[in-house]
Each structure stands twice: as C-alpha cells, then as structure tokens.
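The structure appears below as structure tokens.
For the single chain, residues carry numbers from 1 onward in sequence order. In listed order, ligands and their atoms are each counted from 1. In what follows, every heavy atom counts, from backbone to side chain, and hydrogens, waters and symmetry copies are set aside.
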Amino acid sequence: MTEVVLGVCGGIAAYKACELLRLFTESGHGVRVVPTASALRFVGEPTWSALSGRPVTAEVWADVHEVPHVRIGRQAELVVVAPATADVLAKAAHGIADDLLTNTLLTATCPVVFAPAMHTEMWENPATRANVATLRRRGHVVIEPAVGRLTGADTGKGRLPDPEEIFTTALRVLRRGAAAGADLAGRHVVVTAGGTREPLDPVRFLGNRSSGKQGYALARAAVARGARVTLIAANVTLGTPAGADLVTVGTTEELRKATVEAAAGADVVVMAAAPADFRPADRAEHKIKKTEGGAAPTIALVNNPDIAAEIGAAKGPGQLLVAFAAETRDALENARGKLTRKRADLIVVNEVGTDLVFGADHNTVTILGADGSTRQLGELPKDDVADAIWDEVVSRLAPQAKQDGTA
Ligand SMILES: Cc1cc2nc3c(=O)[nH]c(=O)nc-3n(C[C@H](O)[C@H](O)[C@H](O)COP(=O)(O)O)c2cc1C
C-alpha cells in the first residue's frame with residue numbers, strides 16, 4: 001500500500017480535501033492526513049480521522065515516542081498539500097518547521113505536490129511568487145490555481161482545482177517517482193488540443209473528430225513534471241487538467257491567434273490540436289435553407305493558415321516545436337516532409353481513421369526527430385504517449401541557467 005501524506009491548510013477549500021482524501025483511500029492508498037491548526041478550524045479532526053482511518057493531529061507533541069515530526073515525512077511516498085495556503089508556501093520555501101505539516105515537509109524525500117488556493121491578490125503578491133518559484137526550483141510540483149469563484153462573491157485566479165484533477169496529477173507524480181524529478185520545472189510549455197470548427201452558418205460547421213484526449217494528456221503530464229502549462233483547447237468537453245492555464249478557442253484563426261500569442265517566450269510548443277485545413281469561403285448570416293426539389297448548395301472552401309509553419313518560422317533560439325501528423329496513409333513518408341516544412345523539432349505521427357485514435361484512450365505513434373531519430377511506440381495509453389513525447393522534448397531542451405545555489 002502506497003503511503004500518502006495529505007497536508008491540509010487553513011483555507012476555505014479545506015472541505016474539498018475530504019473528497020481528495022476519499023479518492024486516495026478508495027483507490028487503495030494509505031493516507032495520513034496532516035492538517036494545520038487553522039485547517040482544523042475549517043474541518044474538524046473527527047472528519048479527517050474517520051475518513052482516513054488514522055489518527056490526526058496538527059501538533060508535533062502527540063505520540064512523541066514515535067517521533068512523528070520525522071517519521072511521517074520519512075515514510076511518505078508522496079506528499080500532497082491541498083489546499084496550500086500562502087502561509088504554508090512561505091514556510092516551506094524558508095524551511096520553517098513550527099507544526100507537524102511543516103516538519104513533515106522538511107523531512108520528506110519523496111515527491112511533493114502543492115495545490116495552492118487563495119485570493120488572487122495573495123497569489124500574485126511578489127512574496128508568494130518568489131516562494132512558489134523557490135519551491136519549483138527545488139523540484140516540487142506547485143499546481144497553478146484555477147480561475148473561478150473564490151471565498152466570497154468574487155472571482156479570479158486562486159481557486160483550488162477540482163479534487164479529481166489534483167488526484168490525477170498527484171498519481172502521475174507518484175508514478176514517476178522522486179528519481180524522475182520535475183524535469184520540466186521552470187519551463188513554460190504551450191499545448192494545443194481538440195479540433196477546430198469552421199462555421200458554415202449559425203448552426204452548422206466543418207469540423208473533425210479530434211477529442212482533445214492526447215493534448216489533455218500532454219498538459220497533465222507536463223504539470224506533473226513541473227511545467228507552467230498553457231493549454232489551448234478547441235471544442236474539447238473534457239475536465240480541465242489541474243494547474244493548466246486554459247484558453248478556449250473555436251476556429252482555426254482563433255487557435256492561430258492564441259497559439260502565436262502564447263508561444264512568444266514559451267520553451268516548447270506542442271501542437272496536438274487538429275486544425276481544419278480549409279474553411280468555408282463564406283459564412284451565411286442565417287441558416288442555409290433547403291429548397292424543396294432544388295439542388296444542394298455547393299460549399300466553396302478556402303485554405304486556413306498553417307499554424308505549425310508560422311510557429312516554426314518564428315521559433316526563437318532554444319525554443320522547441322512539436323507537431324503532430326494525423327495521416328490515413330503513407331504516414332511516415334508524409335510526416336518526414338511535414339517535419340522539414342514546418343521546421344519542427346519533433347513530429348508525432350499517428351495513423352488515424354474513423355475508428356482509430358480519435359476519442360480513444362490509446363494511441364500508437366512514431367516520434368520522428370529533426371535530428372533523424374525515429375522512436376516507434378507500441379499501442380500505449382495516451383498518458384504514456386504523453387510522457388514519451390516529453391522525454392524526447394526534455395532530452396533536447398537546452399540546460400537552464402541556475403537561478404540560485406539551492407537548486
Ligand atoms: C474564512 C477564511 C478563509 C481563508 N482562506 C484562505 C485561503 O484560501 N488561502 C490562504 O492562503 N489563506 C486563507 N485564509 C488565511 C489563513 O487561514 C491564515 O493565513 C492562516 O494563518 C493559515 O494557517 P496555515 O497556513 O497554518 O493553515 C483564510 C482565513 C479565513 C478566516
């Protein structure tokens with residue numbers, strides 16, 4: 001049984017940690033809940049204790065003969081702090097150990113995931129920004145908060161992501177283990193996902209079968225590997241990955257604009273979305289009517305912009321571009337041509353068809369490198385394909401300048 005420590009801090013979102021706890025226990029993990037004293041003012045000890053089946057205390061002074069301030073951290077295989085307050089982020093960044101949770105954070109050698117939740121002003125405060133940067137540099141995963149309703153009637157960035165999404169990210173971090181580390185920490189990656197829709201009239205569109213699953217798997221994997229992730233989603237109905245900054249778009253032109261904007265300054269752009277290559281030349285203002293007994297309308301198409309080529313041409317030094325090639329025949333041959341034309345560093349090739357790839361949870365891909373490399377993967381869950389793609393990316397990223405002596 002995997003030993004997980006769930007640290008809970010004194011924020012209004014503490015109640016959501018009960019659901020996170022259940023997700024861990026119901027999937028067979030042993031969970032030791034370590035709340036702060038403030039957390040216990042929001043959700044009491046009996047709730048944590050009953051849900052985890054373990055004793056719960058915020059103090060270092062209980063069961064001292066077992067030396068819990070050291071033992072809990074040492075035994076943990078994963079520590080998740082959710083919600084993480086501005087206060088605990090500051091304490092963790094500075095090595096303060098004045099309760100059981102902060103002691104545990106100092107003794108844990110396993111992967112640590114922080115899921116902060118706080119008001120936007122607290123999140124954006126330079127002190128919090130610096131603390132988060134320090135924690136990330138040390139290899140901890142700090143999940144970006146979601147945008148949405150906060151404690152009061154106000155909205156903004158600072159909301160705790162959905163417990164299921166934190167759980168998914170935490171499991172990915174756990175699966176990778178401490179040795180793999182947060183190898184995308186300090187990197188900004190842009191991932192596009194889904195399929196664009198080109199309107200014919202107010203009710204009809206020209207679209208494709210892309211579900212966004214591979215792109216979302218890439219975004220989740222990148223968060224778990226410590227990256228700052230901008231996820232640009234075209235018509236996707238999946239849950240937003242915890243920690244990804246989501247930008248939603250509809251058409252190829254909207255996707256182009258959002259991707260060009262996000263790509264400026266990003267380390268990596270992964271274009272897993274399926275943009276429509278063509279769009280109707282005209283968009284009817286009103287629904288196109290059927291004329292009884294008349295001929296069906298002819299739809300004239302025009303080319304859409306080539307987003308990958310535009311990003312490839314504008315690539316800055318050290319920036320990597322990963323393109324996707326969805327082919328129905330001669331996949332590798334077509335993809336090699338595309339790799340060169342788009343000035344991509346990697347191209348992920350999959351053979352697609354009505355029943356293949358789109359919407360499925362598995363994918364069979366070949367990853368071609370501009371350096372001539374070919375990596376063929378057997379049929380794998382899209383999560384594993386995502387990690388294989390990030391492995392290829394990480395091995396090609398230029399080393400980062402060290403920002404302090406503590407990394
Ligand atoms: C109603 C209420 C809601 C709060 N929500 C948050 C929050 O979401 N995030 C946060 O960082 N602090 C929040 N605070 C402030 C923390 O509770 C306070 O900083 C406390 O000292 C944190 O203790 P801890 O970090 O040991 O849990 C809230 C306080 C109150 C009274």
Side-chain angles (χ1 to χ4, degrees), residues 4-21 31-49 51-52 55-62 68-69 72-73 76 79-108 112-136 138 140-163 165-166 169-170 240 242-243 245:
V4 175
V5 168
L6 176 59
V8 185
C9 308
I12 201 79
Y15 74 95
K16 292 188 185 171
C18 300
E19 199 181 328
L20 184 57
L21 170 56
V31 186
R32 171 82 193 219
V33 180
V34 185
T36 63
S38 303
L40 292 177
R41 296 184 67 144
F42 288 90
V43 180
E45 180 273 337
T47 302
W48 304 117
S49 193
L51 287 178
S52 66
V56 170
T57 175
E59 303 288 330
V60 290
W61 306 111
H69 75 284
I72 295 173
V79 177
V80 181
V81 186
T85 50
D87 176 57
V88 159
L89 293 175
K91 285 181 184 169
H94 291 87
I96 293 170
D98 61 357
D99 64 3
L100 190 55
L101 177 58
T102 46
N103 275 275
T104 299
L105 288 168
L106 275 189
T107 51
V112 179
V113 177
F114 292 92
M118 62 197 70
H119 269 84
T120 313
E121 295 84 345
M122 294 174 90
W123 176 248
E124 288 177 352
N125 188 288
T128 308
R129 307 305 320 134
N131 293 329
V132 168
T134 300
L135 293 170
R136 284 181 173 155
R138 291 186 189 141
H140 301 311
V141 174
V142 184
I143 297 175
E144 287 284 309
V147 176
R149 181 95 187 257
L150 303 173
T151 307
D154 43 354
T155 58
K157 188 162 187 168
R159 188 180 161 84
L160 190 74
D162 286 343
E165 292 295 340
I166 299 174
T169 301
T240 305
D245 287 326

Please check: side-chain N/O of [X] versus main-chain N/O of [Y], any donor-acceptor pairing under 3.5 Å?
X	Y	value
Arg159	Arg149	yes
Arg32	Leu6	no
Arg138	Ala93	yes
Thr102	Asp98	yes

The residue among Ser38, Pro116, Cys9 that forms side-chain contact (heavy atoms from CB on, under 4.5 Å) with Thr85 is Cys9
Could an N or O of ligand 1 be found under 3.5 Å from any N or O of [X], whether backbone or side chain?
X	value
Asp87	yes
Ala86	yes
Thr36	yes

Which segment of [X] sits under 4.0 Å of ligand 1 when only heavy atoms are counted:
X	value
Trp123	neither
Thr85	both
Ala117	backbone
Met122	side chain

Counting from 1 in the order shown, the ligand 1 atoms closer than 4.0 Å to a non-hydrogen atom of Met118 are 7 (C), 8 (O), 9 (N), 10 (C), 11 (O)
Practice item. With heavy atoms of Val88 as the reference, note each atom of ligand 1 found under 4.0 Å away. Key: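 Checking each atom against Val88, I get 25 (O).
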Quick one: closest heavy-atom pair of [X] and [Y], and the distance?
X	Y	value
Pro35	Leu40	CG-CD2, 3.6 Å
Leu20	Pro163	CD1-O, 3.6 Å
Pro83	Ala117	CB-CB, 3.9 Å

Nearest heavy atom to atom 16 (C) of ligand 1, choosing from Pro145, Gly10, Cys9, belongs to Gly10
Considering all protein heavy atoms, does one lie under 4.0 Å from atom 18 (C) of ligand 1?
no
For [atom], what is the nearest protein heavy atom, given as residue, atom name and distance?
atom	answer
atom 23 (O) of ligand 1	Ser38 OG, 3.0 Å
atom 2 (C) of ligand 1	Phe42 CZ, 3.5 Å
atom 6 (C) of ligand 1	Gly11 CA, 3.6 Å

* N-O pairing of Lys157 and Glu124 below 4.0 Å -> no
